[in-house]
Amino acid sequence: MKDSIARAVAAAAPRPLWLDLADATGRTPEGAPPVAGDTTCDLAIVGGGFSGLWTALLAKERDPGRDVVLLEANAVAWAASGRNGGFVSSSLTHGLANGADRWPGEIATLERLGLANLDELEQTIARYGIDCSFQRSGKMWVATRPHETYELERMCGLAAAHGRRITPLSADQARARVDSPTYLSGALDEEGYALVDPVALAHGLRAACERLGVRVHEGTPVTDLTSTPRGIVLSTPYGRVGAHQVALATNVFPSLLRRLRLFIVPVYDYVLATRPLSPEELASLGWAGGEGVSDCGNQFHYYRRTPDDRILWGGYDAVYHYGNGLRPELDQRPETFLKLAEQFYETFPQLEGVGFSHRWGGAIDTCTRFCAFFGTAKGGRVAYALGFTGLGVASARFGANVMLDLLSGTPTERTELEMVRSTPIPFPPEPVRYLGVELTRRSMVAADDRGGRRNLWLRTLDRLGVGFDS
Ligand SMILES: Cc1cc2nc3c(=O)[nH]c(=O)nc-3n(C[C@H](O)[C@H](O)[C@H](O)COP(=O)(O)OP(=O)(O)OC[C@H]3O[C@@H](n4cnc5c(N)ncnc54)[C@H](O)[C@@H]3O)c2cc1C
């Protein structure tokens with residue numbers, strides 16, 4: 001069995017499924033040209049993932065006359081925005097529990113703003129006719145270890161206390177939705193989650209931006225930001241861009257503001273996708289509702305059906321490389337793919353023999369509070385949003401609005417939030433950073449194996465406000 005699983009993994013293409021789907025359907029847009037010579041603009045945006053694209057689109061919607069330039073080092077959506085699971089969550093705080101712990105006084109507002117952000121995201125997709133398989137299909141959490149049933153009950157209780165409806169499910173009810181013998185119970189959030197093809201969404205956003213007059217330049221790394229009396233000059237290998245204001249949407253990549261580098265570590269997350277399933281294979285799963293699914297250990301899987309009837313299966317290992325390692329070769333990790341594949345067949349034994357078509361990985365911009373933080377620099381002319389920690393598909397849109405609010409200089413409900421005004425605790429320098437991340441990872445694995453009991457290290461992190469509890 002182990003050999004056949006290894007062969008199934010090896011046969012998969014080492015590339016994100018979503019990029020291949022765009023190519024296969026002829027929907028990959030032509031590359032946008034790099035900057036050619038010096039130019040100027042009102043607002044320059046650095047980064048062509050969801051954060052940058054939403055900032056560009058919202059800037060034009062707020063003020064159609066604003067001259068907006070988007071500079072992307074590689075190609076739109078080549079990084080996290082084109083590699084994710086396509087789970088679109090209303091949460092701005094990486095889950096209600098994390099938000100309620102950190103900002104108990106404003107969690108109701110954060111939940112309301114998060115749901116509004118998800119609704120507006122859906123409306124924008126409809127308004128611009130973006131064909132990205134967006135489906136408000138909800139999410140089911142499943143318990144696969146006895147103590148996780150208790151954690152799901154706690155989650156449902158917390159949701160109820162904050163006016164959110166997350167419905168507890170028995171094992172039979174969970175299995176009636178998606179049939180796995182590993183499920184002990186479940187919980188269903190029907191209002192706060194959607195699924196999307198993220199590359200199709202990013203390409204659609206890019207097209208909408210261009211229609212509104214945004215100048216998009218791919219293949220254009222920004223190497224430096226300098227203040228001048230009239231604004232900010234962005235240096236690129238092909239020319240300088242003089243901008244009145246700048247939004248930094250560079251996520252996990254080394255920030256152009258050096259001080260921000262202390263706040264982010266890249267943590268690699270890996271994903272497999274099966275070949276398209278036959279109608280009989282699909283029938284063996286049930287899964288008529290099409291909801292996204294996730295189990296709920298500290299090391300958890302997330303999985304979903306894709307628009308072309310594959311199963312995307314990701315998560316579990318979270319790998320940090322010494323010195324903030326961020327290199328293309330780290331996108332592939334054979335031992336993680338093998339582990340993921342074995343766990344896939346344990347979850348769905350009825351799919352034994354179904355092979356994988358794609359395997360890929362990507363770096364997650366992890367910060368110590370596990371959700372985005374924001375701010376300005378250079379006299380308020382530069383704004384940034386980063387640290388989405390693996391839940392940024394929808395909250396990147398909120399981050400874009402925060403950056404534009406901050407640049408406008410006028411306080412808004414968003415900019416007055418404690419969550420927006422506070423910053424996370426920075427990571428220590430190496431080698432303490434590596435040792436700390438590794439100790440945390442091992443402790444979380446141990447907690448999963450010991451009925452959820454957190455050891456002294458995790459309890460200390462919890463007390464310091466930097467403990468992760470998925
Ligand atoms: C494997 C994986 C699975 C995930 N699954 C989910 C999920 O299911 N749901 C969810 O909500 N989130 C998920 N996430 C997280 C989510 O994808 C990210 O939070 C989100 O896409 C971040 O968008 P972004 O625009 O900030 O960053 P990115 O998409 O990383 O874009 C940043 C861009 O900035 C560019 N850039 C950086 N520096 C420069 C520079 N100096 N000059 C020019 N350009 C520059 C980069 O080239 C890059 O294109 C996942 C992430 C990964 C890696």
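Ligands are counted one by one from 1 in listed order, and the atoms in each one are counted from 1 as well.
For a heavy-atom separation below 4.0 Å, the residues in contact with ligand 1 are Val46, Gly47, Gly48, Gly49, Phe50, Ser51, Leu71, Glu72, Ala73, Trp78, Ala79, Ala80, Ser81, Arg83, Asn84, Gly85, Gly86, Phe87, Thr220, Pro221, Val222, Ala249, Thr250, Asn251, Phe253, Asp269, Val271, Tyr302, Gly362, Ala363, Ile364, Phe388, Gly390, Leu391, Gly392, Val393.
In this structure, Arg333 contributes its side chain and Tyr270 its backbone to no donor-acceptor pair below 3.5 Å. Panel note: side chain Glu72, backbone Gly48; a donor-acceptor pair is recorded below 3.5 Å.
Remark: of the listed residues Arg102, Arg369, Arg414, Arg369 is the sole one forming a side chain to side chain contact (heavy atoms under 4.5 Å, CB included) with Met419.
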Task: Criterion side chain to side chain contact (heavy atoms under 4.5 Å, CB included) on Arg112 and Glu106, from CA distance to verdict - done: CA-CA 10 Å; Arg112 172 174 58 75; Glu106 65 184 30; over 6 Å; no
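Taking the six-membered ring where the residue is Trp, the centroids of Trp141 and Tyr303 are separated by 6.0 Å or more.
Take Trp54 and apply the ring-ring contact (aromatic ring centres under 6.0 Å, His included) test, not counting sequence neighbours, and it matches no residue.
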